[in-house]
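Worth saying up front: this structure is predicted, and the values here are computed from it rather than measured. Heavy-atom basis, side chains included; hydrogens, waters and symmetry copies ignored.
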Amino acid sequence: QRAQEGCVQPTPQHPARAMVPAWPSIALAAWFLLAATATAAHHGEVLELDLFRAMPQVGIGKWPLQNFNLASEAGVIKYVHTEVIAEHILGSPERTTRKYGVDAIARIRFKIRNPGSLLSPSNHLVTQVDFGPFVTYDSGVATNPQTQEFIKDHGGYVGVQLQADHRWPYDAPYFWFSVTGFCPNVRYDEVPMTRDTYVEAQGRRERKCTAIADEAKCRSAGVCDFIGGA
């Protein structure tokens with residue numbers, strides 16, 4: 001699909017599918033959370049698990065679920081303890097709110113299938129069997145230019161990073177995740193498209209391109225006018 005000005009243009013072989021419902025209406029303000037559940041997946045199958053994000057309650061559901069960093073249950077608790085409420089070492093002692101205004105934890109159920117090109121055994125990018133390399137996002141922007149190149153090559157994908165921190169010793173493995181959407185080099189509040197518009201555009205594209213096997217012919221047909229990861 002043709003990228004709008006300022007947007008990375010992915011060229012995926014098998015785009016990642018992060019099929020998610022709307023944000024839960026309930027913000028889990030307490031730190032006692034339901035355990036994340038995961039269903040083991042093999043290449044080509046869908047992996048289902050719960051991911052968590054520490055954030056302001058007023059922001060839950062405000063933006064599409066894209067170009068975000070999330071975490072496993074233990075991973076988000078680690079983030080809260082080492083980055084949010086460590087008031088003796090972080091931020092101004094005069095501040096009246098927590099870092100980034102965090103006052104809630106949201107839980108989101110994801111169904112994930114990463115691109116086959118990314119998960120190929122010969123690809124050095126495959127991480128933790130079913131994921132790609134972690135992408136660090138700041139206000140919706142992939143801050144490492146190299147990961148933007150990965151997105152160009154493989155399309156949108158879900159990345160993972162194993163965490164370890166002496167400030168928060170924890171015996172079991174815990175992880176941070178990245179979820180890529182369209183325009184991963186543009187701030188989330190500046191992306192010129194809503195999720196509903198994107199879904200509508202994707203549906204229109206799929207209907208018109210179903211019988212067109214060649215991507216170049218699809219483009220020449222004039223139906224690839226919207227940004228996206230698929």
Find out whether K78 and R167 are in side-chain contact, i.e. whether some heavy atom of one side chain is under 4.5 Å from a heavy atom of the other.
yes

Using side-chain heavy atoms (C-beta onward) and a distance below 4.5 Å, is H154 in contact with L125?
yes

Please answer whether the main-chain N or O of Y137 pairs with a side-chain N or O of N69 as donor and acceptor at a distance below 3.5 Å.
yes

To the closest 0.5 Å, what do you measure between CG (D153) and OG (S117)?
8.5 Å

Where do R113 and E45 come nearest, in terms of heavy atoms and distance?
CG-O, 3.7 Å

How long is the straight-line distance from CG of N67 back to CZ of R187, given to the nearest 0.5 Å?
12.5 Å

Same cluster or not: are F68 and V58 linked, directly or through other Ile, Leu, Val, Met, Phe, Trp or Tyr residues, by side-chain heavy atoms under 4.5 angstrom apart?
no

Of the non-hydrogen atoms in P133 and S178, which two are nearest, and what is the gap between them?
O-OG, 4.2 Å

Evaluate the ring planes of F150 and H124, with Trp represented by its six-membered ring, and classify them as parallel (under 30°), tilted (30 to 60°) or perpendicular (over 60°).
perpendicular

Under the salt bridge (charged side-chain N to carboxylate O under 4.0 Å, His left out) test, residues paired with D138 that sit two or more places apart
none

Determine whether L70 and I108 make a side-chain contact, defined as any pair of heavy atoms from C-beta on separated by less than 4.5 Å.
yes

Please evaluate residues I85 and R98 with respect to the criterion side chain to side chain contact (heavy atoms under 4.5 Å, CB included), reporting the C-alpha separation (whole Å), side-chain torsions for both, the decisive distance (0.1 Å), and the verdict.
CA-CA 7 Å; I85 59 174; R98 293 194 182 106; 3.6 Å; yes

Nearest-0.5 Å distance that lies between atom CG in L51 and atom CZ in R107
11.0 Å

Heavy-atom closest pair (Q148 atom, P184 atom, distance to 0.1 Å) is NE2-O, 4.3 Å

Heavy-atom side-chain contact between V158 and T180 under 4.5 Å:
no

Note, V126 side chain near L119 side chain (heavy atom, < 4.5 Å)
yes

Hey, mind stepping through I77 and Y174 against side chain to side chain contact (heavy atoms under 4.5 Å, CB included) and telling me if it holds?
CA-CA 10 Å; I77 299 302; Y174 58 98; over 6 Å; no

Under a 4.5 Å cut-off applied to non-hydrogen side-chain atoms, are F52 and S72 in contact?
no

Under the criterion ring-ring contact (aromatic ring centres under 6.0 Å, His included), which of F175, Y157, F177 is the partner of F131?
F177

V186 side chain reached by V141 side chain, heavy atoms, under 4.5 Å:
no

To the nearest 0.5 Å, atom CG of D165 lies from atom OH of Y79 at 13.0 Å

Look at the rings of W168 and Y170 and say which category their plane angle falls in: under 30° parallel, 30 to 60° tilted, over 60° perpendicular.
parallel

For Q128 and L162 the tightest heavy-atom approach is NE2-CB, 4.2 Å

Rounded to the nearest 0.5 Å, what's the gap from OG1 on T127 to CG on N114? Could you check?
9.5 Å

Measuring from W176:CH2 to R53:CZ, what's the distance to the nearest 0.5 Å?
11.5 Å

Using every non-hydrogen atom in the two residues, find where A142 and T147 come nearest and quote the distance to one decimal.
CB-OG1, 4.0 Å

To check you understand the geometry: which heavy-atom pair defines the closest contact between A54 and V80, and what is its length?
CB-CG2, 4.0 Å

